[in-house]
Amino acid sequence: MERIRTTEVAAHVGERVQVAGWLNTLRRLGGITFLVIRDGWGTVQSVAQDESDLAPLKEADAGVESVLTVEGTVASSPQAPGGFELQNITVNIITPVTEPPPLTLSKREIKAAQPTLLDHAVIGNRHITRQAMLRLGAGIMMGFRRTLNARGFTEIQTPKIVESATESGANVFKLDYFGKPAYLAQSPQFYKQIMVGVFERVYEVGPVFRAEPHDTTRHINEYVSLDVEFGFIQNHFTVMALLRDIIAGIVSTLEETCSSELKLLEVRMPFVPAEIPHIHFTDAQELIFTQHKVDVRGEPDLSPQDEHWLGEWAQEKFGSDFLFVTGYPMRKRPFYTYPDPDRPEYSNSFDLVFRGTELVTGGQRLHLYNDYLRALEKAHLPVEPFTTYLEAFRYGMPPHGGFAIGLERFLMQLTGLPSVKLTTMFPRDINRLSP
RNA sequence: GGAGCCGUGGUGUAGUGGUCAAACAUGUCUGCCUGUCACGCAGAAGAUCGCGGGUUCGAAUCCCGUCGGUUCCGCCA
């Protein structure tokens, strides 16, 4: 008999079907027993009316998490969870599990504390809520790709082993490349810009590595960056408009393809306005001063607290979960950032704040070769390590810009999880390299 | 790099100087139970309270050290 997924039983009422998966829950009520089977897509209940139906379990001493098949007749039943169940079942044990797992997966929620859950992520990720959350991550990537493919973007994969420690800022992981020093890429920034010279519109879904010794709920040392870069833009507002469409595309893709996951996790979906409100960096600082009596004017960057306040303000004033902060000071932005033509100490860059946390950084980049030479000099950086990168600009690049969305942060803010470490299968943080 | 907090059965917690040879929930095991869905009921097993030292008549509890975890800041997505 051909196997069907647990999520497909509704289409087979009255038929004899087989499901396969893991024994999620075994509820023995005496004369009747409920077996909840979990597969890669969800769960379904099956009912054993007769004690003899359970003989294979007893013989194999098989407990929860045993791998098995259940053959049964699909019945529509209002008292079954989800409305459907398998009756008159035949159980076949494939892989018996005889010891209890380190985490309890059969309850609605995982009770384990974060370190315990992460230590046993191999098992913990099987829990239906973890499974659903991780699938939302896949849904975000799908929505991202779908939106960009529809707009003529080409997906690229740039090197993750790089020769020089690219831009300024974040620390890099050094490695030994056949005796030569090399680094794990902390961003695809240079390569994606270079590829604008080839495809005009590019995007990448890939890992980036940050050797920052930070220890917060918003940071991990390897994360998935959703990168976009494209040419022939007017300024950073062109970039922000595309980002708005991508966010909207991700949200609608999730609603379309992950509705059961969103429901299970009780996700509050954001409303994406036709135009996401924006505020200039200096105005944001003034706002914080007038509203919260904290003077951050003159600070070169916004603190997590500032972003939190701005997020609240956007919600109150515009009913928006999103807010663009534009025009960050040039001195806090990397050398390739395009300055505001009217106020050169500020930049044509932006951050997107989602529910009070920084989610995206982006902006317009320099595109003229001579501007790069000047910018490097101003930043006291040598030209030599950037020769390959600069070659792109030497031989013609259009005005361009882009951004990077942090996948895990998006998931954290979307689902309301307390840490990015819980949005990824196997997080890498300052003191976790395993599992 | 700086600061704070926390380590108690498999898991999550309570206990902050004696009444603790450690409590509760959940899981596990045994028995009962024919519609559960966090099933229910009865019973059982399971912890030298992270580790080392000190204070004290007496330490899970106070102090010092150490190891582990976690949160915040800086920085960033």
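Only heavy atoms go into these numbers, but all of them, side chains included; no hydrogens, no water, no symmetry mates. Chain identifiers are assigned alphabetically (A, B, ...) following the order of the sequence lines, protein sequences preceding nucleic acid strands; residue numbering begins at 1 within each chain.
- Below the 3.5 angstrom threshold, one finds a donor paired with an acceptor across the side chain of A/Glu85 and the base of B/G35.
- Both A/Ala113 and A/Leu302 lie close to RNA chain B; mapped to their nearest nucleotides by heavy-atom distance, the more 5′-ward contact belongs to A/Ala113.
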With salt bridge (charged side-chain N to carboxylate O under 4.0 Å, His left out) as the criterion, how do A/Arg28 and A/Glu51 come out once you've worked through the C-alpha distance, each side chain's angles and the decisive distance to 0.1 Å?
CA-CA 10 Å; A/Arg28 310 201 52 163; A/Glu51 185 66 21; 2.5 Å; yes

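- Of the P atoms belonging to B/G35 and B/U16, the separation is 44 Å, rounded to the nearest Å.
- A 3.5 Å limit on both hydrogen-bonding distances identifies B/U71 as the Watson-Crick or G-U partner of B/A3.
- Phosphate contact (OP1/OP2 of B/U71, side-chain N/O of A/Lys421, threshold under 4.0 Å): present.
- Residue-level contact check: A/Val208 touches neither bases nor backbone, having no heavy atom under 4.0 Å from any strand.
- Proximity note for A/Lys332 (side chain, C-beta onward) versus B/C37, B/G10, B/C75: the nearest is B/C75.
- Nearest nucleotide to the side chain of A/Pro115, out of B/C72, B/A77, B/G69: B/G69.
- The closest donor-acceptor contact from the side chain of A/Gln285 to the backbone of A/Val296 lies under 3.5 Å.
- The nearest whole Å value for the distance from the CD atom in A/Glu307 to the C1' atom in B/A77 is 10 Å.
- Between the base of B/G74 and the side chain of A/Glu212 there is no donor-acceptor pair shorter than 3.5 Å.
- As judged by a 4.0 angstrom heavy-atom cut-off over every strand, A/Leu29 is placed among the base-contacting residues.
- As rounded to the nearest Å, B/G53 and B/G46 have C1' atoms that lie 30 Å from one another.
- In terms of phosphate contacts, A/Asn24 brings no side-chain nitrogen or oxygen within less than 4.0 Å of OP1 or OP2 of B/C37.
- Taking every side-chain heavy atom of A/Pro304 into account, B/C73 is the closest of B/U70, B/G27, B/C73.
- A/Pro213 comes within 4.0 angstrom of a base, heavy atoms only.
- Residue A/Thr33 is classed as having no contact, given no heavy-atom separation below 4.0 Å to the nucleic acid.
- For B/G52, the paired base is B/C64 (Watson-Crick or G-U wobble, both distances below 3.5 Å).
- Under the Watson-Crick and G-U wobble criteria, each requiring two contacts below 3.5 Å, nucleotide B/C76 is left unpaired.
- When rounded to the nearest whole Å, the span between CD of A/Gln413 and P of B/A77 equals 15 Å.
- Side-chain nitrogen and oxygen atoms of A/Arg218 include at least one within less than 4.0 Å of the OP1 or OP2 phosphate oxygen of B/C73.
- Exactly one of A/Phe386, A/Tyr389, A/Tyr336 qualifies for a ring pair (Phe, Tyr, Trp, His ring centres under 6.0 Å) with A/Tyr372. That residue is A/Tyr389.
- Annotation: B/G31 and B/A45 have their C1' atoms spaced 15 Å apart (nearest Å).
- Sorted by first and then second residue, the pairs that involve residues 128-145 of chain A and meet side-chain hydrogen bond (donor to acceptor under 3.5 Å, both in side chains), not counting sequence neighbours, are A/Asn125-A/Arg130, A/His127-A/Thr129, A/Arg135-A/Glu261, A/Arg145-A/Glu155.
- Applying the 3.5 Å distance criterion, the base of B/C76 shares a donor-acceptor pair with the side chain of A/His219.
- Computed from coordinates, the A/Asp351 CG to B/C75 P distance equals 13 Å when rounded to whole Å.
- Of the two residues contacting RNA chain B, namely A/Gln79 and A/Arg409, the nearest-nucleotide position lying further toward the 5' end is that of A/Gln79.
- In this structure, B/A42 and B/U30 make a Watson-Crick or G-U wobble pair, each of the two defining distances being under 3.5 angstrom.
- When the C1' atom is compared between B/U56 and B/A42, the two are found 45 Å apart, to the nearest whole Å.
- Within the 4.0 Å cut-off from OP1 or OP2 of B/U71, at least one side-chain nitrogen or oxygen of A/Gln114 is found.
- Counting all heavy atoms, side chain and backbone alike, A/Leu422 lies closest to A/Leu117 at CD2-CD2, 3.8 Å.
- There is no side-chain donor-acceptor pair under 3.5 Å between A/Tyr223 and A/Arg409.
- Each of A/His367, A/Gln193, A/Arg365, A/Lys192 was scored for a side-chain hydrogen bond (donor to acceptor under 3.5 Å, both in side chains) with A/His400, with one residue passing: A/Gln193.
- Across every strand in view, B/A21 sits unpaired, with no contact that passes the Watson-Crick or G-U test at under 3.5 angstrom.
- Taking 3.5 Å as the limit, the base of B/U36 and the side chain of A/Gln45 contain a donor-acceptor pair of atoms between them.
- Among the nucleotides B/U34, B/G74, B/U36, the one closest to the side chain of A/Gln49 is B/U34.
- A close approach under 4.0 Å does not occur between any side-chain nitrogen or oxygen of A/Thr357 and OP1 or OP2 of B/A77.
- Remark: P of B/G12 and NE2 of A/His120 are 9 Å apart, rounded to the nearest angstrom.
- As rounded to whole Å, 13 Å separates atom C1' of B/G12 from atom NZ of A/Lys107.
- Considering only the side chain of A/Thr217, B/U71 comes nearest among B/U11, B/U71, B/G74.
- Distance A/Ile32 CD1 to B/G40 C1': 15 Å, rounded to the nearest Å.
- Rounded to the nearest Å, the gap between the C1' atom of B/U13 and that of B/G2 is 31 Å.
- Separating the CD1 atom of A/Ile250 from the P atom of B/A77 is a distance of 17 Å, rounded to the nearest angstrom.
- Under the Watson-Crick and G-U wobble criteria, each requiring two contacts below 3.5 Å, nucleotide B/U16 is left unpaired.
- Results of the ring pair (Phe, Tyr, Trp, His ring centres under 6.0 Å) test with A/Phe144 over A/Phe410, A/Tyr203, A/Phe403 single out A/Tyr203 as the only residue that passes.
- One finds a side-chain N or O of A/Thr116 lying less than 4.0 angstrom from the OP1 or OP2 phosphate oxygen of B/G12.
- Checking B/C33, B/G74, B/G12 against the side-chain heavy atoms of A/Lys111 singles out B/G12 as nearest.
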Can you check nucleotides 2-7 of chain B for protein contacts, nitrogen or oxygen pairs under 3.5 Å, and list what you find?
none

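- Residues in residues 98-109 of chain A take part in no side-chain hydrogen bond (donor to acceptor under 3.5 Å, both in side chains) pair, two or more places apart or across chains.
- Side-chain nitrogen and oxygen atoms of A/Thr361 include at least one within less than 4.0 Å of the OP1 or OP2 phosphate oxygen of B/A77.
- Within the nucleic acid shown, A/Ile405 has no heavy atom closer than 4.0 Å to any nucleic acid atom.
- Atoms CD (A/Gln305) and C1' (B/C75) sit 17 Å apart, rounded to a whole Å.
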Verify salt bridge (charged side-chain N to carboxylate O under 4.0 Å, His left out) between A/Glu71 and A/Arg16, making sure each step is shown before the conclusion.
CA-CA 7 Å; A/Glu71 197 182 303; A/Arg16 196 84 187 148; 3.6 Å; yes

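- A side-chain donor-acceptor contact under 3.5 Å links A/Gln413 to the backbone of A/Phe354.
- Ring-base stacking between A/Phe34 and B/G35 is not satisfied when judged by a centre separation under 5.5 Å and a plane angle under 30°.
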